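Following: one structure in structure tokens, then a few remarks.
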Amino acid sequence: MTHTSLRGWEFDRPVAPRGYSWWYIDALSDDGKHGITIIAFIGTVFSPWYALARRGGGGDPEDHNCMHVALYGAPSRWAMTDRRRGALSRDANTLRIGPSSAHWDGQALTVEIDERTAPIPGKLRGRVVLRPDALSTRAFRLDSDGRHHWHPIAARSRVEVTLTDPALTWSGPAYFDTNWGTAPLEQDFVGWDWCRAPMPEATAILYNAQRRDGTNQSLALRVGTDGSVTDIPVQPKVELGKTLWRIARPTRAEDGQARLVRTLVDAPFYSRSEIRTRLLGREATAVHESLSLDRFASPAMYAMLPFRVPRPLR
């Protein structure tokens with residue numbers, strides 16, 4: 001089921017107790033050497049601290065905020081600090097989480113990054129400017145009861161990455177979306193896989209969710225240069241091969257034509273990968289993600305994740 005959202009970057013929208021909002025950017029450099037993912041969370045859904053708070057009967061999303069940044073290639077970096085309520089301030093167009101921020105000026109989204117890396121402490125600083133080719137207004141309900149939603153705001157974008165720590169400058173095609181919900185992901189989903197494949201005339205997006213109620217949802221979309229979002233036929237399944245953590249990487253592609261190029265993130269409960277796939281009648285490089293929420297809900301995760309997701313004492 002779909003519905004219409006006027007914008008999508010409303011940083012001041014309410015977030016329900018035990019719920020979440022996040023804004024997601026990913027990009028690969030034109031030369032193929034570098035990549036970046038940025039996720040601004042209110043209610044850090046993949047934080048062990050937020051998960052434990054919910055299990056204890058709490059779950060204030062504004063007490064668990066994060067500006068997650070991952071760099072791929074050389075150099076690579078990872079920052080994912082789960083911050084407390086005092087680190088958050090926001091209005092419709094600006095979101096500040098600790099020393100980092102995101103601001104929409106009507107034409108571009110500028111992310112100012114000032115984070116500490118983990119598990120090896122270090123600096124991750126700089127600016128990322130995302131400029132959409134067009135904006136999309138079509139949003140999607142992901143579960144049967146309407147607790148979880150997804151909006152591909154600008155599937156066709158460009159980024160300019162200018163970092164000071166580490167010193168790095170590049171540009172390339174990018175993607176910008178948002179998810180929001182009123183319940184923990186692991187309550188309503190077993191897992192999902194997702195990918196986006198930019199091409200000259202359009203971008204293809206696939207979103208396959210396995211729900212707790214035993215049903216499945218498979219979205220196959222074409223986003224045009226004008227931001228229009230239309231359904232396309234669901235393609236045959238393809239298995240890309242499991243990660244070192246044994247996370248499955250299913251996707252869909254025309255004639256089964258998809259292969260793994262490189263693994264960008266290999267984590268205990270999810271993976272992010274660069275793949276070559278065939279969609280909309282042509283081959284394309286795509287960013288692919290696979291998530292196991294059964295694995296995330298395992299008690300073992302809460303012992304492992306604090307090393308990658310620290311939380312300040314105040």
Side-chain angles (χ1 to χ4, degrees), residues 10-24 39-68 78-91 95-100 102 115-116 118-119 139-151 177-192 209-217 245 247 267-270 289-314:
E10 299 94 336
F11 295 126
D12 60 349
R13 67 189 177 206
V15 184
R18 298 171 53 82
Y20 61 89
S21 283
W22 79 69
W23 293 266
Y24 171 97
I39 313 176
F41 291 99
I42 301 174
T44 313
V45 294
F46 303 123
S47 163
W49 313 104
Y50 191 33
L52 287 169
R54 293 193 306 263
R55 287 194 170 194
D60 176 3
E62 292 196 351
D63 198 40
H64 296 274
N65 311 286
C66 177
M67 186 71 79
H68 166 52
W78 171 280
M80 192 171 183
T81 301
D82 187 31
R83 301 184 186 276
R84 298 174 187 271
R85 172 183 283 273
L88 174 69
S89 65
R90 56 187 177 133
D91 58 31
L95 174 64
R96 298 185 184 278
I97 299 174
S100 298
E115 295 292 326
R116 297 287 293 177
F140 297 82
R141 193 174 80 178
L142 296 178
D143 67 308
S144 302
D145 296 321
R147 286 191 287 264
H148 306 271
H149 304 267
W150 167 63
H151 176 187
D177 76 7
T178 182
N179 287 62
W180 67 97
T182 59
L185 292 178
E186 63 270 25
Q187 174 179 315
D188 292 317
F189 298 98
V190 175
W192 69 50
Q210 299 80 49
R211 299 164 172 160
R212 287 281 172 207
D213 63 8
T215 63
N216 297 290
Q217 182 177 39
W245 280 101
I247 297 296
F269 62 91
Y270 80 98
E289 183 179 81
S290 186
L291 171 66
S292 171
L293 287 159
D294 278 352
R295 186 78 68 86
F296 174 71
S298 166
M301 288 297 101
Y302 304 135
M304 299 170 63
L305 287 176
F307 296 100
R308 299 298 298 271
V309 189
R311 181 167 167 85
L313 294 176
R314 62 177 67 184

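Bear in mind that the values here come from a model prediction, so they are computed numbers and not experimental data. All values below were derived from every heavy atom in this structure, side-chain atoms included, with hydrogens, water molecules and symmetry-related copies excluded.
Among residues two or more places apart in sequence or in another chain, the side chain to side chain contact (heavy atoms under 4.5 Å, CB included) test is passed with Arg116 by Pro121, Lys123. His148 pairs by the ring-ring contact (aromatic ring centres under 6.0 Å, His included) definition with Tyr20, Phe189, not counting sequence neighbours. For Thr178, the side chain to side chain contact (heavy atoms under 4.5 Å, CB included) partners are Arg13, Trp23, His151, Ile153, Trp180, not counting sequence neighbours. For Phe269, the ring-ring contact (aromatic ring centres under 6.0 Å, His included) test picks out Phe46, Phe296, with sequence neighbours left out. Taking Thr81 as the reference, Arg83, Glu115, Pro310, Pro312 meet the side chain to side chain contact (heavy atoms under 4.5 Å, CB included) condition, with sequence neighbours excluded. Every residue was checked against the side chain to side chain contact (heavy atoms under 4.5 Å, CB included) condition with Pro14, not counting sequence neighbours, and none meets it.
The closest side-chain heavy-atom distance from Pro61 to Tyr50 is below 4.5 Å. Within the 4.5 Å cutoff, the side chain of Glu62 has heavy atoms near those of the Ile42 side chain. With a 4.5 Å cut-off on side-chain heavy atoms, Tyr270 and Arg295 do not count as touching. Looking at heavy atoms from C-beta onward, Leu95 lies in side-chain contact with Leu88 at the 4.5 angstrom threshold. Here the side chains of Thr44 and Met80 are in contact, with some heavy-atom distance below 4.5 Å.
The two residues Arg211 and Asn216 make their nearest non-hydrogen contact at NH1-O, 4.1 Å. The two atoms that bring Arg18 and Arg54 nearest to each other are NH1-O, 3.2 Å, heavy atoms only. Of all the heavy atoms in Ala118 and Arg308, the pair that sits closest is O-NE, 3.8 Å. Scanning all heavy atoms of the two residues, the minimum distance from Arg55 to Ala297 falls at NH2-O, 3.1 Å. Across all their heavy atoms, Asn65 and Gly43 have their closest contact at OD1-N, 4.4 Å.
Between the side chain of Arg141 and the backbone N or O of Ser144 there is at least one donor-acceptor pair closer than 3.5 Å. At distances below 3.5 Å, not a single donor-acceptor pair connects side-chain atoms of Trp49 with backbone N or O atoms of His64.
Within 6.0 Å of atom CZ in Arg90, more than 12 heavy atoms from other residues, nucleotides or ligands are found, so the atom counts as buried in its surroundings.
Within the model, atoms CH2 of Trp192 and CD of Gln210 stand 10.5 Å from one another, a figure rounded to the nearest 0.5 Å. Taking OG1 of Thr182 as the reference point, atom CG of Asp143 lies at 7.5 Å (rounded to 0.5 Å). If you take CZ on Phe11 and CZ on Arg96, they are separated by 11.5 Å, rounding to the nearest 0.5 Å. Note that CD1 of Ile247 is 4.5 Å distant from OG of Ser292, once rounded to the nearest 0.5 Å.
Salt bridge absent: Asp145 and Arg212 never bring a charged side-chain N and a carboxylate O closer than 4.0 Å.
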- [ ] Evaluate side chain to side chain contact (heavy atoms under 4.5 Å, CB included) for Asp177 paired with Trp150, printing each intermediate quantity in order.
- [x] CA-CA 7 Å; Asp177 76 7; Trp150 167 63; 2.9 Å; yes
